[in-house]
Amino acid sequence: MEAEQKHLTGLYDRLDAMRALAEQRLAGVLEATGGTPQARSQRESSVGMYTEQLGQLSAVESGLCFGRLDPESGDPLYIGRIGIFDEAGDYEPLLLDWRAPASRPFYLATAADPLGIRRRRHIRSKGRTVVALDDEVLDLSDAAGSANREGLAGEAALLAAVDARRTGRMRDIVETIQAEQDRIIRADLSGVLVVQGGPGTGKTAVALHRAAYLLYTHRRELSSRAVLVVGPNPTFLRYISHVLPSLAETGVLLWTLGDLYPGVTARGEEPEQIAAIKGRAAMVDVLAAAIADRQELPAEPITVELDQETLTVDRDLVSAARDRARRSGRPHNLAREVFANAVTEGLVAQMAEIIGTDPYADDPLGEGDAPGDPMLMGAADLADIRAELDADPGVRAALDALWPPLTPQRLLRELFSSAERLAAARVAADGTELLTLAEAASLTRPVNAAWTPADAPLLDEAAEQLGELPDAEAAARRLADRVRRSELAYAEGALEIARGSASIDVEDEDDPELLLVTDLLDASRLAERQEDGLRLSAAERAARDRKWAFGHIIVDEAQELSPMAWRLLMRRAPSRSMTVVGDIAQTGDPAGASAWSEVFDPYVADRWKLAELTVNYRTPAEVMSLAGEVLARIDPAATPPRSVRSTGRPPVLGRVDELGSVLAAEAAALGDGRLAVIAPAGRVAGLADEVRAALPDLAVAVGDEPDLESPVAVLSARQAKGLEFDAVVVADPDGIEAESPRGLNDLYVALTRATQRLTVLK
Ligand SMILES: Nc1ncnc2c1ncn2[C@@H]1O[C@H](COP(=O)(O)OP(=O)(O)OP(=O)(O)O)[C@@H](O)[C@H]1O
């Protein structure tokens with residue numbers, strides 16, 4: 001223990017030195033003033049870089065070093081949250097990053113297959129002090145070695161972690177990742193990997209550690225394209241938001257479905273049956289029909305006055321122009337030009353007819369002024385007329401009415417606020433009924449209704465089908481040019497800084513404290529910075545650009561996503577580099593999936609890989625056996641995950657009218673842990689009052705975005721998805737089951753949220 005403490009203290013000294021250096025450099029950049037605009041912009045980005053670096057060095061403070069591997073021959077290797085090298089010596093690693101290939105035996109070595117390792121040691125610390133060492137000797141002949149019960153690595157440390165009180169924030173599991181999880185975390189970057197696992201098997205944890213692993217291993221590729229994690233709601237994203245920073249990774253985007261359409265934060269609510277209709281694949285055709293419906297024929301001919309002549313935009317002219325525009329195969333906003341051209345040409349012809357025809361063209365007695373050509377106007381005259389028509393407000397108004405330029409927002413607002421438009425859009429051009437009358441009518445809402453998460457994929461689909469408005473496209477091109485120019489200037493500047501500081505350091509050899517900027521700024525980091533065109537990070541740029549192609553997308557609670565949501569996500573992952581984690585048995589959303597093949601076959605045929613997680617780290621065996629009864633009702637063929645521990649405390653069953661006394665007892669046992677009451681959505685508000693009355697001294701979180709760090713929360717089963725608490729009281733399980741078509745799945749979720757104690761009140 002003493003020796004480990006000494007080593008750990010040495011590592012913290014190095015960490016302090018690295019931090020001091022980053023602080024010193026930050027202070028240096030902050031003090032500097034003046035200079036060219038380029039120098040200023042370089043300074044700003046250095047400030048950003050050193051600030052981020054400082055943040056990362058602080059984030060790894062807790063649990064900096066947590067493991068040691070003793071190989072059969074050679075020096076021990078220490079494993080930690082970041083890599084630290086011996087600057088003074090010959091750059092020997094003092095601490096290996098857990099993601100480095102050399103760290104892998106820490107997670108995979110077993111007595112049967114020790115991977116060249118003699119002993120694995122988990123070093124548990126509190127602050128900077130070593131408090132426990134757990135050794136496993138990876139030797140089949142050694143009795144202690146078979147402490148490796150049922151293939152668990154570092155069992156003592158693992159059980160300490162899973163038994164710990166919850167805080168309302170998810171923790172990282174880097175110290176105790178298990179072999180089946182490690183294989184998923186380190187799977188190849190390319191392709192679609194689907195991770196199916198029951199409740200508590202660490203799907204979310206694995207997904208987040210995979211993001212950190214991929215960024216470490218493919219930094220250059222991924223930091224310029226960004227990694228996106230999609231989660232079910234803002235509360236869940238807050239719950240998991242500390243995990244990646246604690247692994248010193250800050251550049252990952254955490255979004256809900258409602259954040260996926262740039263410029264819109266869709267947080268509105270709507271009944272789930274409506275969201276389910278919006279999520280159907282048939283909505284692609286509904287939107288196509290809604291757009292076609294906006295390409296109108298005039299009920300009455302529209303007249304346009306030009307040079308005191310009257311021109312007519314009639315049904316035949318518009319119908320021919322519309323056919324031509326549709327045949328062009330361009331999206332609506334781009335085909336509009338074809339339509340406008342065709343209509344204008346028709347009007348030019350009318351005008352030419354009126355003012356340009358020689359009245360004597362077929363006069364048999366003519367005197368040579370009509371040599372067989374009735375048209376007196378030349379090309380230049382026609383072009384003049386055309387220009388006049390193009391500029392004419394009456395013509396423009398007619399074109400806008402018949403083929404309006406549409407943004408996705410306008411299309412959807414005007415569709416959902418009009419029963420007639422919905423009725424027209426529910427039938428495809430070939431007469432196929434896409435939605436029933438009642439379904440179409442149920443989508444009606446006020447024109448100013450808030451955007452809901454289910455609208456985001458529709459906005460995206462509409463954007464695809466409509467195409468950019470010509471002005472928007474030109475603006476986007478201009479922006480892209482500026483980004484490219486500034487990227488170039490930026491990359492050159494960054495290199496100058498690096499060279500500049502290198503030469504200072506060479507002159508200043510006496511000062512060993514000074515590191516080269518290039519040491520801090522490793523090559524891949526530099527590449528990432530170079531991509532920061534207009535000083536926007538890849539993440540910021542991704543947030544603005546609908547067509548952004550992410551380097552990798554991770555989807556959590558993936559079973560809940562609708563076919564329309566998958567369409568959107570697949571567009572953002574054209575390379576199909578994705579990790580998708582979920583549990584089909586927990587699907588609560590009526591729009592969600594009932595089989596993974598249903599989701600992925602349309603996009604990658606059978607080329608997606610399935611990995612399974614089988615061990616439950618959250619729910620004790622006693623609780624899982626009760627939840628298993630519900631799982632058997634959902635799918636008699638399904639196997640519940642195997643719980644890693646039992647507590648000897650079976651779930652307590654009782655009646656809802658005992659809630660007050662149950663809560664008092666649970667609160668007494670809670671200590672500084674977390675308690676949740678999970679109930680049917682319709683009863684949450686009422687029960688929250690009862691909970692407050694029963695526990696007047698404790699803060700009770702309730703509502704759309706409950707604060708999970710409060711000691712007590714009252715939630716619907718849907719809200720509790722993905723979360724966990726030390727103690728859970730499920731109130732009115734029958735009500736949860738009856739509340740929605742997938743109520744049984746919701747009940748399964750509710751029953752699997754407890755890490756220690758479960759009470760079920762009928
Ligand atoms: N290897 C591990 N070491 C320590 N704790 C772990 C490990 N794997 C998972 N856990 C813990 O188990 C709990 C459940 O993990 P997680 O929330 O990732 O599971 P999940 O599969 O996403 O569950 P659900 O489907 O129910 O949402 C978390 O507290 C997590 O920290």
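All ligand and atom numbering here is 1-based and tracks the order in the structure. Note that the numbering runs from 1 along the sequence shown for the chain.
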Please confirm whether V162 approaches ligand 1 to less than 4.0 Å, judged on its heavy atoms. yes

My understanding is that we take every heavy atom of each candidate and find the minimum distance to atom 17 (O) of ligand 1. Doing that for K203, R618, E724, which one comes out nearest? R618

To the nearest 0.1 Å, how far is atom 19 (O) of ligand 1 from its closest protein heavy atom, and which atom is that? G202 N, 3.0 Å

Check: of E175, Q181, R171, min heavy-atom distance to atom 1 (N) of ligand 1 comes from Q181

Should K721 be listed as contacting ligand 1, given a heavy-atom distance under 4.0 Å as the test? no

Just verifying a value: how many Å separate Q5 CD and L133 CG, rounded to the nearest 0.5 Å? 10.0 Å

Minimum heavy-atom distance between V623 and P651, given as atom pair plus value: CA-CG, 4.1 Å

Given the options R81, R120, R121, R124, E175 meets salt bridge (Lys or Arg N to Asp or Glu O under 4.0 Å) only with R81

Centroid-to-centroid, H218 to Y213, below 6.0 Å? no

Once you measure the plane-to-plane angle for F600 and W608, does it fall in the parallel (<30°), tilted (30-60°) or perpendicular (>60°) bin? tilted

Parallel, tilted or perpendicular: which describes the rings of W255 and F550, with under 30° parallel and over 60° perpendicular? perpendicular

Give the residue and atom name of whichever protein heavy atom lies nearest to atom 18 (O) of ligand 1, and the separation in Å to one decimal. A205 N, 2.9 Å

I'd like to know if T752 contacts ligand 1, where contact means a heavy-atom distance under 4.0 Å to any ligand atom. no

If you scan protein heavy atoms around atom 7 (C) of ligand 1, the nearest is I173 CG2, 3.7 Å

From F106, Y107, F66, residue fulfilling ring pair (Phe, Tyr, Trp, His ring centres under 6.0 Å) relative to H122: F106

Among Y239, Y748, Y617, whose heavy atom sits nearest atom 12 (O) of ligand 1? Y617

Given V227, L208, D172, the one that forms side chain to side chain contact (heavy atoms under 4.5 Å, CB included) with L244: L208

Does G198 come within less than 4.0 Å of ligand 1, judged by its heavy atoms? yes

Among all protein heavy atoms in this structure, tell me which lies nearest to atom 3 (N) of ligand 1, with the distance rounded to 0.1 Å. T176 OG1, 2.7 Å

Min N/O separation V206 to ligand 1 under 3.5 Å: no

Does the N or O separation between G200 and ligand 1 drop below 3.5 Å for any pair? yes

Rounded to the nearest 0.5 Å, how far apart are CD1 of I79 and CH2 of W98? 12.0 Å

